[in-house]
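Below: the structure, in structure tokens.
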Amino acid sequence: MSTPFPFTAVVGQDDLRLALLLNAVSPAVGGVLVRGEKGTAKSTAVRALSALMPQVDVVAGCRFSCAPASPDPACPDGPHEPGTGTQRPARMVELPVGASEDRLVGALDIERALAEGVKAFEPGLLADAHRGILYVDEVNLLHDHLVDLLLDAAAMGASYVEREGVSVRHAARFLLVGTMNPEEGELRPQLLDRFGLTVEVAASREPDQRVEVVRRRLAYDDDPDGFAQRWADEESAVRARIVAARELLPSVRLGDGALRQIAATCAAFEVDGMRADIVMARTATALAAWAGRTEVLAEDVRQAALLALPHRRRRNPFDAPGLDEDKLDETLEEFGGQDGDGDDEPDPDGPGGGGQPPQDGPDDGCASQAPGDAPAQPEAGEGGQPRAGGEQSPVRAAEPFRTKVLSVPGLGEGAAGRRSRARTEHGRTTGSRRPQGALTKLHLAATVQAAAPHQRARGRSGRGLVVRRDDLRQATREGREGNLVLFVVDASGSMAARQRMSAVKGAVLSLLLDAYQRRDKVGLVTFRGSAAEVALPPTSSVDAAAARLESLPTGGRTPLAAGLLRAHDVLRVERLRDAARRPLVVVVTDGRATGGPEPVALAGRAARLFAADGVASVVVDCEAGPVRLGLAGQLAGELGGTAVTLDELRADSIAGLVRDVQGTSRRAA
């Protein structure tokens with residue numbers, strides 16, 4: 001096993017290191033979600049933490065890491081007699097993004113369970129991580145049902161495997177750490193709330209600190225063992241401090257004054273539910289223990305709020321994470337009681353100044369723009385008039401609304417999501433088939449039906465059914481898939497009326513929010529002037545698409561054909577990358593086509609390419625005014641899709657509750 005990079009050698013990232021250490025002191029805090037750009041030592045810090053965790057006592061030979069002093073009475077390897085065991089280092093288990101459900105929770109041998117009545121259970125990663133660390137890199141890319149299983153186990157401290165009436169339960173208490181790059185997509189708010197703490201990380205903009213990062217990394221790469229040895233004393237000191245804080249934790253007093261500050265802070269920031277209050281209380285207690293105190297102070301409450309609340313304030317993916325620290329200080333001062341006077345002096349004993357946030361943290365000199373923030377707008381002419389070349393400055397989007405469901409017809413086999421019908425591992429059972437590979441979802445009736453005719457030939461003599469592997473049948477299920485929603489947005493002069501473009505952007509923003517909720521990938525192609533461009537290649541980050549949309553200028557001619565051809569190229573490339581993910585093209589335009597020779601005919605030929613490929617499409621008709629030409633409807637006919645107006649797009653429109661995209665798909669069943 002390679003030598004991990006020392007935790008104490010990580011440069012900066014004080015909030016990240018503090019959050020990890022607090023969870024090591026008190027796993028009840030609920031884990032850490034680390035958000036940040038690539039190359040910011042997220043994974044390095046998490047992997048380094050495992051070397052600091054105290055060793056654990058386990059029952060010898062138990063695959064579920066039962067403690068000798070209090071073994072789990074329901075342990076599948078039990079029962080164990082209380083007594084002495086053996087010591088081993090705390091494990092750090094990594095959950096790959098592409099892991100299966102069986103790999104996570106474990107698998108039952110269904111054939112032996114049916115034929116012999118034996119609970120033959122192969123433990124999964126949750127069992128391996130018990131009393132250790134479970135690390136999920138790129139947790140935002142993990143399938144939703146795996147995240148649900150993972151967080152349920154973390155919340156209950158146990159994992160349950162249920163297969164056709166056969167069940168196994170085992171303890172699963174671990175420190176959960178997830179890392180993610182927000183540019184690749186967000187977690188659902190419900191899942192964000194299940195992580196105790198969150199930390200935003202970014203690379204330092206200080207040259208001296210960046211130099212030190214490079215120097216230490218090069219030294220580690222040249223001689224990992226020697227580098228680790230140079231930091232051994234610091235590592236031992238932190239390890240001892242974790243042990244001391246754990247022992248002190250039960251003695252820490254959380255007074256009524258601190259509790260009142262916690263409750264007032266959660267109420268002031270309008271956090272949903274009560275989990276935030278509980279997490280803040282546990283975090284503040286762990287902070288006091290880490291600092292060697294038995295009393296929770298106002299500074300502990302403040303730091304706990306900075307770690308526990310930012311991700312719980314987000315109502316949708318376009319909201320910027322973070323807290324208003326001035327408002328936080330005012331709340332703490334207003335409700336400060338006997339536990340503190342509201343002054344938040346830093347704790348000199350804590351790492352990097354104790355509970356005080358680092359001065360060079362993510363908010364200091366970060367070049368990236370927070371999702372949901374209004375982008376810097378180009379300068380317009382005097383009085384907001386068009387700038388040179390007929391181009392108008394960007395306008396803000398109107399308020400988003402709930403849209404109708406736009407779905408791809410047929411039955412797909414793409415990634416799990418919530419938009420279109422698909423064959424999935426989860427959903428309602430629609431039939432059975434012979435398993436291809438390992439059996440994951442048994443169709444009991446079909447299995448019994450396949451085995452029944454052969455019982456006499458197999459010499460059945462007792463009550464049990466003689467089942468062979470060839471009899472097993474896999475349940476086929478129908479659920480929902482996520483699609484690639486590609487927006488093709490007309491930004492030409494015909495769309496440039498400010499109120500009109502604001503409404504158009506509001507509609508696209510609404511569709512983006514719908515795509516986020518349905519777990520789609522999104523892309524954005526815009527066209528104006530004389531060309532089209534891919535404003536955003538297909539991604540799972542809808543907030544990135546919203547930021548590009550917000551800064552979209554308008555003006556010039558309407559090269560509709562160029563926009564459609566560019567979108568067709570994007571789909572061709574994406575089909576090579578992920579053939580199972582079916583596309584849905586949403587063209588937002590008034591249908592006009594200008595510029596170049598025969599622009600209308602050229603746009604029609606480009607549209608027919610989508611129809612020939614069986615691509616599902618919808619045209620959002622943005623034409624306004626008392627006299628309408630119906631060009632968007634004609635375009636929808638060429639695409640083989642359908643047209644809806646901006647008003648019809650609303651879910652509460654009287655035009656209908658749900659509108660399926662018309663057309664066929666090659667990959668439809």
Side-chain angles (χ1 to χ4, degrees), residues 76 98-127 142-150 152-153 158-170 407-482 519 579-582 665 667-669:
S100 65
E101 180 179 338
D102 285 347
R103 184 72 184 99
L104 176 64
V105 300
L108 285 170
D109 189 330
I110 300 297
E111 184 177 2
R112 291 188 63 191
L114 288 176
E116 305 173 31
V118 175
K119 292 183 181 179
F121 181 67
E122 183 65 29
L125 295 177
L126 291 180
L142 200 64
H143 282 249
D144 280 357
H145 71 281
L146 292 182
V147 176
D148 291 337
L149 290 169
L150 178 66
D152 283 344
S159 174
Y160 295 84
V161 182
E162 303 279 349
R163 295 286 168 82
E164 304 298 337
V166 181
S167 64
V168 172
R169 173 213 170 271
H170 64 83
S407 61
V408 179
L411 194 63
E413 295 183 345
R418 299 178 180 177
R419 183 172 297 279
S420 305
R421 294 174 54 225
R423 299 183 186 92
T424 61
E425 288 295 318
H426 299 268
R428 63 184 181 89
T429 301
T430 58
S432 65
R433 60 175 174 81
R434 290 182 181 274
Q436 300 171 349
L439 179 71
T440 56
K441 299 291 182 182
L442 178 75
H443 194 295
L444 182 59
T447 299
V448 172
Q449 187 176 10
H454 308 291
Q455 296 305 295
R456 180 175 297 178
R458 293 173 182 173
R460 173 184 170 184
S461 58
R463 299 178 60 185
L465 189 68
V466 180
V467 179
R468 303 279 172 81
R469 181 163 292 279
D470 288 343
D471 301 327
L472 299 178
R473 295 295 182 267
Q474 175 85 20
T476 57
R477 302 192 174 195
E478 181 179 312
R480 293 280 169 175
E481 67 178 358
R519 313 303 288 168
R581 188 180 288 270
R582 298 187 295 165
S665 173
R667 293 180 293 279

Is there side-chain contact between L472 and V467, with heavy atoms separated by less than 4.5 Å? yes
Any sub-3.5 Å donor-acceptor pair from S407's side-chain atoms to S420's backbone N or O? no
Using a 4.5 Å cut-off on heavy atoms from C-beta on, say whether the side chain of Q474 contacts that of L442. no
If you round to the nearest 0.5 Å, how far is CD of E481 from CZ of R519? 14.5 Å
I want to check something: taking the side chain as every heavy atom from C-beta on, are R480 and T424 in contact at a cut-off of under 4.5 Å? no
Would you give the length of the straight line joining atom CZ of R456 to atom OG of S461, rounded to the nearest 0.5 angstrom? 13.5 Å
Assess whether a salt bridge exists between R434 and D471, defined as any Lys/Arg side-chain N lying under 4.0 Å from an Asp/Glu carboxylate O. no
Grab the two heavy atoms, one from H443 and one from G431, that are nearest each other, plus how far apart they are. CD2-O, 3.3 Å
Is E478 paired with R421 through a side-chain N to carboxylate O contact shorter than 4.0 Å? yes
Kindly indicate whether the side chain of Q449, heavy atoms from C-beta on, has any atom under 4.5 Å from the side chain of R473. no
Hey, could you give me the CD/CG distance between E101 and L150, rounded to the nearest 0.5 Å? 12.0 Å
Is there a donor-acceptor contact under 3.5 Å from the side chain of S432 to the main chain of A475? no
Quick one: list whatever passes salt bridge (charged side-chain N to carboxylate O under 4.0 Å, His left out) with R433, sequence neighbours left out. none
Taken to the nearest 0.5 Å, the spacing of D152 CG from S159 OG works out to 10.0 Å
Which atom of V466 lies closest to which atom of R460, heavy atoms considered: CG2-CB, 4.0 Å
Would you compute the distance between atom CG of L104 and atom CG of L142 and round it to the nearest 0.5 angstrom? 8.0 Å
For R103 and L125, run side chain to side chain contact (heavy atoms under 4.5 Å, CB included): C-alpha distance rounded to whole Å, both residues' side-chain angles, the deciding distance at 0.1 Å, then the answer. CA-CA 6 Å; R103 184 72 184 99; L125 295 177; 3.3 Å; yes
Less than 4.5 Å apart, any side-chain heavy atom of R423 and any of R477? no
Where the side chain of H454 meets the backbone of A457, is there a donor-acceptor pair that is under 3.5 Å apart? no
